[in-house]
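The block underneath contains the structure these notes are about, expressed in structure tokens.
Letters A, B, ... are given to chains in the order of the sequence lines, protein chains preceding strands, and every chain is numbered from 1.
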Amino acid sequence: MRMSLLFVPTLKEDPQEAEVISHRFMLRAGLIRQLSAGVYTFLPLGWRTLEKIIRIVREEMNRAGGQEILMPAMQPAELWKETGRWDMYGPELVRFQDRRGRDFCLGPTHEEVITDLARREIRSYRQLPLLLYQIQTKFRDEIRPRFGIMRAREFLMKDLYSFDRDVNGLQVSYQKMYEAYCRVFRRCGLEYIAVPAESGIIGGDVSHEFLIIAGSGEERVFICLSCGSATTVEEARCPQCGGVVEEKRGIEVGHIFQLGTKYSEPMKAYFVDRDGKEKPLVMGCYGIGIGRTMAAAIEANHDERGICWPLALAPYEVVVIPVNMKKTKHWEEAWSIYEELSQAGFEVVLDDREESAGYKFAEADLIGFPIHVIVGEKTERNGVVEVKLRKRNERAEVRRTEVCEFLRKIRKELAE
RNA sequence: CGGGGCGUAGCGCAGCCUGGUUAGCGCACACGGUUCGGGACCGUGGUGUCGGCCGUUCAAAUCGGCUCGCCCCGACCA
């Protein structure tokens, strides 16, 4: 992609409405724009990153045996009355009526809809276990939308629901998801931790939160350095081993629950087991905040100049910067490197704008391309380009002829 | 919902307290020229229902009331 054609409205100054770092950089780097409190548009670069997270999540859900579906955001009140949540959920539930005066809501989560589907379609234990998921926009009229995209009123979420014959089956599904979540966050290049958690309004017995470790995180986590166990409750400091406890801060990006029969009982979602008896489906549900993961990734990976994307989440992997557009040599070499890298399968942007070098450097840092290839005087004189790694702030001079090979190695290294 | 803050050009702000010329500055934008390895410089130019409504006054960005929106802190959440 050529930078001159990319729609990236960057901001030199901090927008007054943004205080939190990820929010500031997302606005400044031209990733998002706000429409209303807690409601955002994703611009091309922001959407690319979001799609990268989605792809990783999707691959890992599929790998764990999940099957993707898409449920409606618009849901009839009747379902919510069956579980009692129409009254329980409160004003956070976005409610409205259709033209005939029938009550509906915009789904903040989908237990009711999926359980309704399950009770209609699952008859026999032979159909179990079943893991269904979707990646979809959720609506929650938050008391107080906050921190930009971090707590939005409209946001993208991956939610998976497991259906099993019994508690043993549920535990197997739960364990699969637990591991899938670990893989998702590891592949995103993020430092994460899983901690036992309260299950809140979703209900159920066992539950874990997945947190991205970031200094600005709202939640405190206590990690035992000897046994590795973690908790969010200060008093419960891993008394079992008595080791040294380290406190860190984290941002909740995922939550998994063992629901049991909390929804299947009231909604009468039964199946016939091997013994011929009717039993309620044993359920679990598993969520990942997609946008939140993006914000958390920035909270955990930035410096004063801007974002330092992990390779896996960067909107583009490489930016090629010709220092002086007036010098034919810079321009030609930059173009040929751009072509070569594109051919080689890199996601690369060519900064072909008539801007000063300093301007391009500052913007490349802000946006956070993991790899910068700078074509300038050294290229003209010695046939070398400068390769800069954004996150480590390391620079290397590489011969023009070896650029592609060098970047292949770097990419492999950064991917680990 | 309680507490605090903000709303003036696309963005960041000054002006308001103490009402009174044509509402200003920086950035951005357009055109011309000079620059070109860390957000360049010079010149020229365009840009405003001063968030909205009502009121006070000869006169309101400025004073008063109401209202809308946004941000931050608290109780809830991916």
May I ask you to say whether [X] pairs ionically with [Y], meaning some side-chain N is under 4.0 Å from a carboxylate O?
X        : Y        : result
A:Glu413 : A:Arg392 : yes
A:Lys268 : A:Glu82  : no
A:Glu386 : A:Lys378 : yes

Nearest whole Å is fine: how far is [N] [atom2] from [X] [atom1]?
X        : N     : atom1 : atom2 : result
A:Glu19  : B:C73 : CD    : P     : 7 Å
A:Met325 : B:U34 : CE    : P     : 18 Å
A:Arg151 : B:C73 : CZ    : C1'   : 13 Å
A:Glu142 : B:C70 : CD    : P     : 15 Å
A:Leu11  : B:G39 : CG    : P     : 18 Å
A:Phe147 : B:C70 : CZ    : P     : 17 Å

On the side chain of [X], is there an atom forming a donor-acceptor pair with the base of [N] - under 3.5 Å, no angle test?
X        : N     : answer
A:Arg24  : B:G12 : no
A:Glu363 : B:G39 : yes
A:Arg140 : B:C77 : no
A:Arg395 : B:G38 : yes
A:Glu13  : B:G26 : yes

Could you please name the option among [options] that lies closest to any side-chain atom of [X]?
X        : options             : value
A:Phe257 : B:A78, B:C36, B:C71 : B:A78
A:Lys326 : B:C72, B:C76, B:U35 : B:U35
A:Arg292 : B:A78, B:C71, B:G38 : B:A78
A:Ser356 : B:C76, B:A40, B:G38 : B:A40
A:Tyr40  : B:C71, B:G38, B:G39 : B:C71
A:Lys388 : B:G38, B:G39, B:G26 : B:G38
A:Val323 : B:G39, B:A78, B:C36 : B:C36

Is there a Watson-Crick or G-U wobble partner for [N] with both distances under 3.5 Å, and which nucleotide is it?
N     : result
B:C76 : none
B:C66 : B:G52
B:G26 : B:C11
B:C31 : B:G43

Inset, instruction - Please indicate whether A:Arg95 has more than 12 foreign heavy atoms, meaning atoms of other residues, nucleotides or ligands, lying under 6.0 Å from its CZ. - result: yes

Inset, instruction - Assess whether atom CD of A:Glu354 is packed by more than 12 heavy atoms of other residues, nucleotides or ligands within 6.0 Å. - result: yes

Establish, with yes or no, whether the OP1 or OP2 oxygen of [N] is under 4.0 angstrom from a side-chain nitrogen or oxygen of [X].
X        : N     : result
A:Gln34  : B:G69 : no
A:Ser36  : B:C70 : yes
A:Arg146 : B:G74 : yes
A:Gln16  : B:C13 : yes
A:Arg144 : B:C76 : no

Inset, instruction - Compare the aromatic ring of A:Phe155 with the six-membered base ring of B:A78 and state whether they stack according to the 5.5 Å and 30° rule. - result: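 Answer is yes, a stack.
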
Inset, instruction - Go through A:Arg63 and A:Glu179 one step at a time and tell me if the salt bridge (Lys or Arg N to Asp or Glu O under 4.0 Å) criterion holds. - result: CA-CA 11 Å; A:Arg63 188 211 296 262; A:Glu179 283 159 19; over 6 Å; no

